[in-house]
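Protein chains get the first letters and strands the later ones, always in sequence-line order, with residue 1 at the start of each.
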2 protein chains.
Amino acid sequence: MPRYGKITKEIYGELLAVTGPGGVTADEEALDNYAWDQAGRVWGHMPEAVVKPADTEQVSKIMKIASRERIPVTPRGAGSGLNGGAVPRAGGIVLSLERMNRILEIDPVNRVAVVEPGVVTNDLCRAAAERGFLYAGYPMSTETSFIGGNFATNAGGGKVIRYGSTRRHILGAEVVLPSGEVLELGGRYRKDTWGYSLLSLLVGSEGTLAVATKLIVNLEPKPGRTVNLLACYPTVEQLVESVAKVIGSGRRIISCEFMDRKLVKYTTEYLGCTLPEQERSEAYLLIQLEGDTDEQLEDGYETVGKICLAGGAFEVFVAESRTDSAAMWNVRQNGLEGMRAKDPYACSSGDLMVPLSAVPEMLRRIKKIAEEWNVEIGIIAHIGDGNIHPIPLKPDGMSPEEWARYAEDFFAALIREAIALGGVGSGEHGVGHVKQKILLENKTPAELEVLRGVKKAFDPLGIMNPGKMFSPLEED
Amino acid sequence: MPRYGKITKEIYGELLAVTGPGGVTADEEALDNYAWDQAGRVWGHMPEAVVKPADTEQVSKIMKIASRERIPVTPRGAGSGLNGGAVPRAGGIVLSLERMNRILEIDPVNRVAVVEPGVVTNDLCRAAAERGFLYAGYPMSTETSFIGGNFATNAGGGKVIRYGSTRRHILGAEVVLPSGEVLELGGRYRKDTWGYSLLSLLVGSEGTLAVATKLIVNLEPKPGRTVNLLACYPTVEQLVESVAKVIGSGRRIISCEFMDRKLVKYTTEYLGCTLPEQERSEAYLLIQLEGDTDEQLEDGYETVGKICLAGGAFEVFVAESRTDSAAMWNVRQNGLEGMRAKDPYACSSGDLMVPLSAVPEMLRRIKKIAEEWNVEIGIIAHIGDGNIHPIPLKPDGMSPEEWARYAEDFFAALIREAIALGGVGSGEHGVGHVKQKILLENKTPAELEVLRGVKKAFDPLGIMNPGKMFSPLEED
């Protein structure tokens, strides 16, 4: 197999002829914006060119050129990923979908929206709400992330406990193969046993198999009214014991989120606010409940509130207004920014996934390992799903480059514990290249062989997002 | 590539040594039971041997022998499939999972059940209910089908509208590859972006990629109480117009099922019962609603009842008792048996899937084509999903062999219409070999190439269930 091709002047011209003026750039300063994602700059790598197609036909033509010349192509949404999934490790083309950002249709009878991949998730949420529907994919980065990136990472977020991850909401997709061929998968219908579900497989494949150019997504009927509760606990152990009871209460729980003391401290400092009982709380549960009527809502928050208090919470606050609710969620949604305000090298790729029954033990092991590694951490978690995000700060005096390796090893140690407890190393952030090493260590040779066979079925030349997940990076 | 291997006396002995006495048979009479499924005898084919492993290790050893000798292996559950998916078209081994039928665990904290593939779906439903949970996979064949078969076909059924098809309920699986290697996929957790989702891909792969030997399935919290409504309509058109309004009512609709006049006529004759207004009804809607309280239930059936009456229903009957409900559902669940009582060659592989908005037009086209083809049909449908099952009777004087070809062509004609309306040829029954020809006609060369590449990644020797879906049958 030859090495990857380079973007010559001729190829640059050819790409520009496909996209038209402004669609291709190789300007060093402009390229830098596309060299890294929210994993952090130290995990970045410069592309040779950024190409911004305006439609499917252009994507197809670009992929044909890339295949012909064996040029690596890394699809990119908003760049809000947390594991370097959109980083062009082998150089080549960053294929930015930012210009393909139209909501093409809201179809109320079939309860779907048809969108281009560059639509900001929140714009889709708003457009759906205006028509009386809910788009239930809800990553924490909803204000910035693109729906195409949600598709590529099978994004989770704050509503998974009720509505499931992104895969559940993707009913159809138009995708372009590395060869430039266009496939139409699924559609405006809700069941499909018409051949293997390539669609299910593509969700979460991190741009290593194909480029999505159009998505048909499920819309949920407009939800009932919601209410938010904030429960303040003296110990993490007591909080965790409440969680299974809250989930099992039979009430309509939309979210069940966890924040520990450190995270709340730094985030409230960053935001200039406080949460109730902040001095004496070790951890918080933020719970969102749904109901159709006042009575249901009241029954919901009374039941859940009692569970929390019986479990040892100091207090349970019920948000009385939109403003109260927004204040509670503001801290949760800005947890990463809060940690980054304290230390710009705070690493957010941590994304441990364990069975609910293993959450208490996992939290104990995280604390223990953080101490052993001499790393200060804050923790946020979609705790109702068993999905835990420890966010470590760079130790003083360590260089950013040392930290990149150190943090990878730190997470590898945590992931080994998660796997030992019956879990995996990522519930929603994906693998990218930050977690590649530990993924390879963890998968059996038999599974890796199948995974690589699947990759080859889509991408025989190995040009799609090389060096990610389980695919090796061919070194020059 | 050599032809498939045959089961010699030596290999027979080797298989028997794996399973122990009673685990292998080549007795002609016994084999006949494993030669066909509910597609019908005319789509059957005799195996050379039936092998019944007792555990995963035995499955692995059997697959190693089969790989070494290139003997075809067709996994089989209850044989309740409707498209010949479990028919051993190339002979070889039928791998019956009937002895692996234990419910290994109900895990209430993680809300999962761990089961072997040979568990009857209804046994799982009952075991879950005893612990206060719901297993929400609910194929119409729940009394006979195995959970392993539900996995293999991504079974749908009567509760999809609320809970989704089987894929949504499979959280983990132990599977044996054709090579005999065992993979552990997923687990007792609910989010996973740790490499491609081979698990999602395997659901619905009809035993062409691997054999599932253990499944971890999602349990839902115990549902609220339900109530059943039967609405009787003078015309199909009026009924169909009500459906989108019922679905969009915001009430908790669990099922929305359709039965036409012919199907009700033959099925009530078979069961020796009647449905209300049977003389003047062209079609029925059977709707199940959920609520937590009497008030919610009442609000639900009043709202939905009014929608149906406003849409032209003669009457809407609310089941007052369990007996009433059972009587309504009895007709729905025995629709196929009712048609088969009229004509043992009634073909049940029909499984059209269209967007909800296309249901009225699809029903018109089904009637038109049935007339053109001179075929008498009854229709049942998961109409709330847009999933329609026309069941044709063999015309008088046609031989069963002619009928097998005629019915395939009849369904191919219908499937072309479903595809033209934005749908596909199967929502839940799968492809098997009965619909292979029309599948191949419908998929693009680019998609077929990817599908075959995926198949090769799992099954390089082509021994898993040959001649199904898009895989050709190698002729001797």
Side-chain angles (χ1 to χ4, degrees), chain A residues 107 109-110 153-154 156 160 164-165 167-168 177 179 181 183 187-198 200-201 203-205 221-222 244 248 250 353-357 385-387 422-431 439 443-444 446-447 450-454 456-458 469-470, chain B residues 107 109-110 153-154 156 160 164-165 167-168 177 179 181 183 187-198 200-201 203-205 221-222 244 248 250 353-357 385-387 422-431 439 443-444 446-447 450-454 456-458 469-470:
Chain A
D107 168 352
V109 176
N110 295 310
T153 58
N154 188 23
V160 170
S165 296
R167 183 175 291 117
R168 198 183 285 182
L177 296 175
S179 63
E181 291 275 0
L183 300 189
R188 298 178 193 220
Y189 48 87
R190 286 158 193 283
K191 296 161 78 180
D192 187 350
T193 58
W194 195 233
Y196 304 154
S197 181
L198 299 182
S200 295
L201 182 74
V203 180
S205 63
K222 194 176 184 163
M353 190 70 218
V354 294
L356 199 53
S357 58
D385 301 317
N387 188 198
V424 282
S426 176
E428 56 180 21
H429 293 176
V431 178
L439 179 91
K443 297 277 185 192
T444 63
E447 185 172 353
V450 174
L451 288 167
R452 287 179 177 141
V454 169
K456 206 172 167 190
F458 284 84
M469 302 177 100
F470 45 80
Chain B
D107 170 352
V109 177
N110 295 311
T153 57
N154 188 23
V160 169
S165 295
R167 183 176 290 118
R168 196 183 287 181
L177 296 176
S179 63
E181 292 275 1
L183 300 189
R188 296 178 195 223
Y189 48 85
R190 286 156 194 284
K191 294 159 80 179
D192 187 349
T193 57
W194 196 233
Y196 302 154
S197 181
L198 299 182
S200 295
L201 182 73
V203 181
S205 63
K222 194 177 182 159
M353 190 70 215
V354 294
L356 199 52
S357 59
D385 302 317
N387 188 197
V424 282
S426 176
E428 58 182 19
H429 294 177
V431 178
L439 180 90
K443 297 276 186 193
T444 63
E447 185 173 353
V450 174
L451 287 166
R452 288 178 178 143
V454 169
K456 205 171 169 189
F458 284 84
M469 300 177 101
F470 46 79

With a 4.5 angstrom heavy-atom cut-off, could you sort out which part of [X] is near chain B: side chain, backbone, both or neither?
X: A/Ser197; answer: both
X: A/Val431; answer: both
X: A/Lys222; answer: neither
X: A/Leu183; answer: side chain
X: A/Leu177; answer: side chain

Which one wins on heavy-atom pair count under 4.5 Å against chain A: [options]?
options: B/Met469, B/Lys443, B/Glu428; value: B/Glu428
options: B/Leu439, B/Leu356, B/Asp385; value: B/Leu439
options: B/Ser179, B/Gly195, B/Gly248, B/Gly164; value: B/Gly195
options: B/Ala457, B/Ser426, B/Ser200, B/Pro221; value: B/Ser426
options: B/Ser205, B/Pro355, B/Gly453; value: B/Pro355

Where on [X] is there a heavy atom nearer than 4.5 Å to chain A: the side chain, the backbone, both, or neither?
X: B/Phe470; answer: side chain
X: B/Ser357; answer: both
X: B/Leu451; answer: both
X: B/Thr153; answer: backbone
X: B/Val203; answer: neither
X: B/Val160; answer: side chain

- Query: Can you tell me if B/Lys191 uses its side chain to pair, donor with acceptor, with the backbone of A/Asn154 under 3.5 Å?
  - Reply: no
- Using a 4.5 Å cut-off on heavy atoms from C-beta on, say whether the side chain of B/Tyr189 contacts that of A/Asn387. no
- Query: To the nearest 0.5 Å, what is the distance between CZ (B/Arg167) and OG1 (A/Thr193)?
  - Reply: 9.0 Å
